[in-house]
Enquirer: 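I'd like to ask some things about the structure below.
Start at 1 and go down the list; that is how both ligands and their atoms are numbered.
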Amino acid sequence: MIVSKPDIREITTKALEDFFIKHNAPKFRASQVKEWLWKHRKINFNEMTNLSIHDRNLLHEHFIINSLKIIKKQISVDGTIKFLFFVNENRFIEGVIIPQFDRLTACISSQVGCSLSCTFCATGKLKLYKNLSSGEIYDQVFLLNEYALKYFNRPISNIVYMGMGEPLLNIKNVLKSIKLITSKNGMGMSGKRITVSTVGITKMIKKIADINPNFNLAISLHSANDIKRSEIMEINKTNNLKKLSQALLYFYEKTKIKPTYEYVLLSGINDSIDDAKELVNFCKKIPSKVNLIEYNQVEDGAYEKSTEEATGLFISFLEKHNILVKLRRSRGEDIAAACGQLAIQNT
Ligand code: SAH
């Protein structure tokens, strides 16, 4: 019988300390190993040079190190870069670097595929294959940062959990990954530069509020009308707008973090002045900001992006009602790296 060895990155420091004690080694080896694993992201025990050969062999005998590999890169005419990562079990995910004047944003995935089936999203057309582990999420940031340092001469400045999957349905690993990204023993980045995006799983929004988060929250809203929202986002049937605003109020009161609403403008679907009015009313409930997103074409997608005129009128209406609003232009559309386009053929 083949017994597969556990992934050392998935076990606690305490369990690793117990392992070393059991094998007559000092327990501080555990923190040395953890530092190699995260801070230096060594994926080979032989590179852990302050451990004896004996200890390296011991680790090798009992554990594996699961890690992601970049297997393909595509560069858009606008400079956006899409990365294809190989995940264990013969799966693939995508991540993106979006260079802007003052920032270098990494857009990362939290799941292989997605279970939510939002009608306008390419990832939503896939099945959910698996949750990524905290290590697999961390790897995306580490590897994109390594790339950024090499090719842009500066580190990743912002991280958005807006790639494939629904972060709040993999909350345990997402929170663990954020801990690693922000920890001094990991990448030491500021949580203020991290945004987790969700379709609005209300139970989890409250749960996050209770743990005093150090990161930002974005909600994929896309309509402030229950009937319309349920048509384009299945999740609204069980987590409707009333539940969502209650959860967000709870979140805001506990954390004082203003949520950002993401709103993809779909021509003739959610871009009229009546839609804008409903959005204003929804926004007034909780201090918040709005990011309007240009719709990106999805294969056999039934939608079209809003016209410049409709977009302009929509923005003016929100501004007239004192809503903080930004328009996010499409990035990386030519290589299918833009919002909602991540869907590898062979996942
Ligand atoms: N599941 C999470 C994380 C994915 S974020 C969430 O939905 O928030 C991806 C963002 O891109 C979401 O705001 C999503 O609604 C948006 N999006 C999906 N399809 C899109 C498309 N075709 N064009 C533009 N944005 C899209």
Enquirer: Can you list, pair by pair, the side-chain donor-acceptor contacts under 3.5 Å of residues 45-54, counting residues two or more places apart and other chains?
Expert:
unit_1 : atom_1 : unit_2 : atom_2 : d
Asn50  : OD1    : Trp36  : NE1    : 2.7
Ser52  : OG     : Asp55  : N      : 3.0

Enquirer: So do the side chains of Thr182 and Ile194 get within less than 4.5 Å of each other, counting heavy atoms only?
Expert: yes
Enquirer: Contact between ligand 1 and Glu294 is defined here as a heavy atom of the residue under 4.0 Å from a ligand atom; is it met?
Expert: yes
Enquirer: Taking the six-membered ring of Tyr252, is the NZ or CZ of Lys256 close enough (under 6.0 Å from the centre) and on axis enough (within 45°)?
Expert: yes
Enquirer: Taking atom types as modelled, is there a side-chain donor on Thr119 or Tyr303 under 3.5 Å from an acceptor on the other?
Expert: yes
Enquirer: Return yes or no for this condition: an N or O of Glu166 is under 3.5 Å from an N or O of ligand 1.
Expert: yes
Enquirer: Just to check, does Met164 reach to within less than 4.0 Å of ligand 1 when the distance is taken from its heavy atoms?
Expert: no
Enquirer: Taking 4.0 Å as the limit for heavy-atom contacts, which would you say applies to His222 with ligand 1: side chain only, backbone only, both, or neither?
Expert: side chain
Enquirer: If I apply the N/O under 3.5 Å rule, does Glu262 come out as touching ligand 1?
Expert: yes
Enquirer: Heavy atoms only, cut-off 4.0 Å: how does Val264 contact ligand 1, side chain, backbone, both, or neither?
Expert: side chain
Enquirer: Is the closest N or O pair between Phe120 and ligand 1 shorter than 3.5 Å?
Expert: yes
Enquirer: Report, in ascending order of atom number, the atoms of ligand 1 lying under 4.0 Å from any heavy atom of Val199.
Expert: 6 (C), 7 (O), 8 (O)
Enquirer: Quick one: which ligand 1 atoms are inside 4.0 Å of a heavy atom on Val298?
Expert: 22 (N)
Enquirer: Inspect the contact between Asp274 and Lys277 and indicate whether a charged nitrogen and a carboxylate oxygen are less than 4.0 angstrom apart.
Expert: yes
Enquirer: Can you list the ligand 1 atoms lying under 4.0 Å from a non-hydrogen atom of Gly163?
Expert: 4 (C)
Enquirer: Contact between ligand 1 and Gly165 is defined here as a heavy atom of the residue under 4.0 Å from a ligand atom; is it met?
Expert: yes
Enquirer: Would you mind telling me if ligand 1 is within reach of the side chain of Thr198, the backbone, both or neither, using heavy atoms under 4.0 Å?
Expert: backbone
Enquirer: Mind listing the side-chain donor-acceptor pairs of residues 15-28 below 3.5 Å, one per line with the distance, residues two or more places apart or on another chain?
Expert:
unit_1 : atom_1 : unit_2 : atom_2 : d
Asp18  : OD1    : Lys14  : NZ     : 3.1
Asp18  : OD2    : Lys14  : NZ     : 2.9
His23  : ND1    : Phe19  : O      : 2.9

